[in-house]
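Beneath this line is the structure, given in structure tokens, with notes to follow.
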Amino acid sequence: MSDQKKRLFLVDAYALIFRGYYALIKNPRINSKGMDTSAIMGFMNSFLDVIKKERPDHLAVCFDKGGSANRVEMFEEYKANRDETPDGIKIAIPYIYKILEAMHIPIMVKEGFEADDVIGTLSKQAEKAGYTTFMVTPDKDFAQLVSENIFMYRPVFGGGYETWGIPEVLKKFEVENPLQVIDYLGMMGDASDNIPGLPGVGDKTAKKFIKQFGSMEGLLENTEQLKGKMKEKVEANAELGLLSKKLATIMLDVPVEFHEKDFEMSEPDVTAVTEIFEELEFRRLTTNFTNAFSVEAMASKGTNHEETTPKKTIQKAAPTTNAGEGQFSLFGGDSQPSTATEVFSSRKTIKDTEHFYQLVQSGMGTKLFIGNLMKQPSVCFDTETTGLNPLTAELVGIAFSWEAGKGFYVAFPEEKEAAQELIEQLRPFFESTEIEKIGQNLKYDIKVLRKYDISVKGQLFDTMLAHYLINPDMRHNMDVLAETYLNYTPVSITELIGKKGKNQKSMRDVPVEEQTEYAVEDADITLQLKEHFSKELIEADNQKLFTDIEVPLVRVLADMEAEGINLDKDFLNSLSGDLDSDILTLEKNIYEEAGEEFNIASPKQLGEILFGKMKLVEKPKKTKTGQYSTAEDVLSYLAKDHKIIADVLEYRGLAKLKSTYVDALPLQVEEATQRVHTDYMQTVAATGRLSSNNPNLQNIPIRTERGRQVRKAFIPRDENYVLLAADYSQIELRIIAALSQEETMMEAFKNGEDIHASTASKVFDVPLAEVTREQRSNAKTVNFGIIYGVSAFGLSNQTDLSRGEAKELIDAYYETYPKLKHYMSEQVNFAREHGYVETIMGRRRYLNAINGSNAIVRGAAERNAVNAPIQGSAADIIKIAMINIHRKLEDGHYKTKMLLQVHDELVFDVYKPELEEMKTLIKYEMENAYLMDVPLDVEVGVGQNWLEAH
DNA sequence: CACATGTGCAA
DNA sequence: TATTGCACATGTG
């Protein structure tokens with residue numbers, strides 16, 4: 001294999017660093033010193049992968065230094081608009097240098113030249129010297145350099161690499177010659193490099209032009225063939241086009257020379273590298289590194305299935321050896337211990353490691369399989385369906401796994417009766433109370449199976465929920481979890497059924513062998529994640545929260561979602577008509593006042609009219625992108641002086657109402673049930689709250705008279721039912737009072753006082769009876785502000801108070817409630833020391849930024865330290881209440897159903913004969929879900945619609 | 001068609 | 001320079 005031409009790898013350092021950093025932006029790696037090591041980790045992972053996979057004999061890592069003097073000379077805005085390099089990247093650079101030096105990796109830097117130009121020049125020189133060069137970079141600009149001997153070696157999102165040779169470039173850019181990539185980039189521009197490009201020309205147009213004219217020059221010489229606006233624009237920007245092309249051209253005459261010897265790989269200084277990794281707390285990388293450089297690793301090197309490397313130049317590796325033997329120890333994130341059973345080689349799909357996935361054949365095969373299945377104490381399963389909506393989706397198959405690396409797939413027939421027959425055979429498994437069921441997002445599977453009249457019984461372990469408790473701020477989809485904790489990249493669903501939109505396939509259209517591979521892999525991975533997470537749950541002392549709250553809630557939510565709520569479409573239709581005519585009138589008035597017609601819904605156009613043309617304000621506030629801000633708090637000050645602004649505000653309110661609620665809700669009524677089924681997300685809000693979508697039923701208007709009308713559209717199931725709404729009164733303030741043991745506030749609650757009036761009376765030092773509306777309102781604002789960690793500035797923004805008055809008010813507030821202030825600083829201190837805060841049920845939120853150096857970020861973390869335990873404890877309490885109520889309704893075989901949760905409120909469809917019983921039961925369960933030193937109070941209302949029920 | 005931005009609804 | 005969310009219309013590529 002090495003008898004082929006010699007190979008040179010040139011690594012574009014910054015491109016890989018940026019890519020690594022942003023790939024982890026949602027789950028940044030923070031070590032115990034609070035340092036963000038994402039960029040280093042991301043870069044090293046990619047880099048070591050290349051070494052491990054390709055074993056290059058000649059290699060260099062190329063950095064920029066001092067930018068490109070040349071390009072800036074040509075175009076002074078070149079890269080000027082780029083955001084400043086994030087801190088996470090800045091701190092990474094010196095470490096990466098140090099690591100590469102310790103590894104004895106050649107580093108190329110040429111002051112005043114970009115890495116692109118250095119790499120370009122070197123590859124062309126190496127080509128003359130008989131080398132095949134691989135440019136390791138994701139940056140598509142490099143495509144212009146590709147030749148018979150020069151390839152791009154691109155890391156692919158989700159792991160693996162793809163190689164671009166001439167055919168790939170020609171196909172990708174739809175050109176005849178790689179050099180035309182320069183014309184393409186020149187026309188289209190590149191926002192990240194600040195190459196302007198031709199205005200109005202994007203990917204599609206650029207490709208068209210190149211097919212038609214061959215080059216930028218060809219285009220500019222033949223503009224008479226263009227039409228309309230495009231002709232004008234291109235002609236007007238000819239110079240810009242030529243300049244853009246120059247900027248996009250990678251220079252090949254950088255004063256560097258390719259001497260073979262300088263690029264030879266040599267033995268790394270293992271001790272030095274290990275030391276740096278230890279300092280950074282990179283455990284997995286340490287083994288990854290040893291592996292990448294070891295002889296053994298070379299022998300057992302596996303092939304990634306995504307390999308697109310040309311056969312002649314890149315050695316194809318031997319079939320993967322048994323990865324379970326333990327010569328790799330790549331398992332686990334840097335904080336996770338590695339274990340023998342969960343060892344997989346880096347960035348591979350599970351396909352490449354030894355595994356045994358079997359398709360269960362019908363007849364005898366099914367019987368044998370089910371017999372075996374029923375003997376297991378604990379099984380992971382995953383349903384495959386025709387779509388994402390569990391109310392309409394049909395079963396395509398179910399994967400099962402109970403042993404790492406092994407699993408089975410039961411494919412389902414399309415025909416309804418046959419499918420039902422098959423699921424009946426599986427019923428004993430799903431309805432067994434003995435067998436524990438493991439899954440990722442089990443709510444979905446439960447809802448799907450529900451349609452087949454199967455109820456999933458027994459203990460549940462949902463890996464998504466488990467991870468949500470382990471770190472609620474991270475993302476919890478299975479692909480990310482597999483990468484983070486198991487270090488492998490599952491087959492993506494897009495690979496199977498294509499991107500959503502144009503011609504997305506259904507799972508049904510996927511060959512059953514591929515279904516098996518994909519589905520069982522997911523079950524296999526989920527099973528392995530469970531092993532991981534169950535340990536971590538214990539370490540974080542979150543087991544009770546998991547078992548007693550989050551897991552039981554899954555079934556409660558599945559029931560609520562399946563139930564849905566009745567919506568009065570006709571009523572909304574008539575509202576829509578009313579809104580329409582009012583909006584039309586306002587529109588006419590606004591156009592008249594503005595002297596022209598424009599799109600009022602466009603903040604850009606509106607700002608231009610109000611502040612650019614009419615100049616209603618001397619110094620208009622701008623948004624971060626430099627547009628005039630037309631936000632409500634800006635405009636409302638001006639409404640009394642300018643009719644047009646009052647009209648705009650009213651228009652906005654009505655338009656919002658119509659588009660977001662009145663017109664949108666009827667479209668969400670499910671065909672099959674004629675009801676609206678929201679989807680509650682249990683793992684989104686970092687504090688432990690639920691969120692609701694498709695549609696969001698947690699933000700239905702209530703504050704304005706007009707908006708409130710929408711609530712009239714939510715009605716009982718039929719004439720035998722009424723809607724009941726039960727609200728916790730001031731639950732968050734009660735929690736903070738109890739947690740801080742602030743007696744004054746606790747007393748007020750115990751005595752059933754109006755808490756805001758009571759606060760006002762104490763803070764402003766007036767008798768309770770003499771508190772003015774304004775005083776109560778200000779006290780209410782502070783009460784809420786305290787929960788969020790408000791500043792004097794923020795408070796003065798929310799009230800009529802000046803900054804000074806706001807500060808006085810806050811000071812008086814803390815004097816009234818000294819324990820409250822103490823509690824707040826205690827929370828902050830706890831977070832500083834432990835890195836997290838927790839709720840009454842031990843739900844944690846990690847706040848690493850609280851020890852960071854950025855004052856703004858740190859301030860936000862400090863507010864979170866106060867807010868998260870309060871908001872989160874309230875969430876804990878209502879979740880407990882929901883579970884208890886759900887159980888009572890089930891056990892008592894009531895017809896009443898729980899329908900909605902809105903953070904501190906529950907909504908029920910109550911069967912009229914059960915009404916009195918329900919009022920008592922619901923109020924009792926909510927008030928007694930969790931007992932604190934402050935009583936909880938729940939207000940219950942009943943009505944013919946949601947508005948009346950309040 | 002996908003994504004960013006500005007805006008605004010709820011607790 | 002107040003917490004947590006979701007979703008709309010516009011604008012851009």
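Just so we're on the same page: letters track the sequence lines, and every chain starts at 1.
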Can you figure out which of [options] approaches the side chain of [X] most closely?
X	options	answer
A/A601	C/dT4, C/dT10, C/dA7	C/dT10
A/T687	C/dT4, C/dT10, C/dC6	C/dT4
A/A631	C/dC6, B/dG8, C/dA2	B/dG8
A/I702	C/dT10, C/dC6, B/dA11	B/dA11
A/Y661	C/dG11, B/dT7, B/dC9	B/dC9
A/R703	B/dT7, C/dC8, B/dA10	B/dA10
A/P701	C/dG5, B/dA10, C/dT1	B/dA10
A/R863	C/dA2, C/dG5, B/dG6	C/dA2
A/A686	C/dT1, C/dC8, C/dG5	C/dG5
A/M681	C/dC6, C/dG11, C/dT4	C/dC6

(request) Mind checking the CG-OG1 spacing from A/L795 to A/T781? Nearest 0.5 Å is all I need. (result) 6.5 Å
(message) For the OH atom of A/Y930 and the CG atom of A/D876, what is their distance to the nearest 0.5 Å?
(response) 8.5 Å
At under 4.0 Å, does any side-chain N or O of [X] touch on OP1 or OP2 of [N]?
X	N	answer
A/T781	C/dA2	no
A/T623	B/dG6	yes
A/N696	C/dC8	no
A/S659	C/dA7	no
A/Q605	C/dG11	yes
A/S602	C/dG11	yes
A/K658	C/dC8	no

Please give, in whole Å, the distance from [N] [atom2] to [X] [atom1]?
X	N	atom1	atom2	result
A/L665	C/dC6	CG	P	16 Å
A/K621	C/dT1	NZ	C1'	11 Å
A/N854	C/dT1	CG	P	10 Å
A/N867	B/dA11	CG	C1'	11 Å
A/D876	B/dA11	CG	P	20 Å
A/F784	B/dA11	CZ	P	9 Å
A/N599	C/dG11	CG	P	6 Å
A/L635	B/dG6	CG	C1'	12 Å

(request) Determine whether A/I885 and A/F908 make a side-chain contact, defined as any pair of heavy atoms from C-beta on separated by less than 4.5 Å. (result) yes
Determine the contact category for [X]: base if any of its heavy atoms lies under 4.0 Å from a base atom, sugar-phosphate if only primed atoms, P, OP1 or OP2 are that close, otherwise nothing.
X	answer
A/T630	sugar-phosphate
A/I787	nothing
A/R708	nothing
A/G794	nothing
A/V866	nothing

(message) If we count only N and O atoms by modelled type, under 3.5 Å, do the side chains of A/D663 and A/S576 hold a donor and an acceptor together?
(response) yes
(request) For A/S740 and A/A737, indicate whether the former's side chain and the latter's backbone hold a donor-acceptor pair under 3.5 Å. (result) yes
(request) Could you tell me how the ring of A/W946 sits relative to the ring of A/H950: parallel (under 30°), tilted (30 to 60°) or perpendicular (over 60°)? (result) parallel
(request) Indicate the ring-plane relationship of A/Y628 and A/F611, choosing parallel, tilted or perpendicular according to the 30° and 60° boundaries. (result) tilted
(request) Please evaluate the base of B/dA11 for a donor-acceptor partner in the side chain of A/Q871 within a cut-off of under 3.5 Å? (result) no
(message) What I want to check is whether an N or O donor and acceptor connect the side chain of A/K656 with the base of B/dG8 at under 3.5 Å.
(response) yes
(message) Nearest heavy atom decides the nucleotide; on that basis, is A/N693 or A/R689 closer to the 5' end of DNA chain C?
(response) A/R689
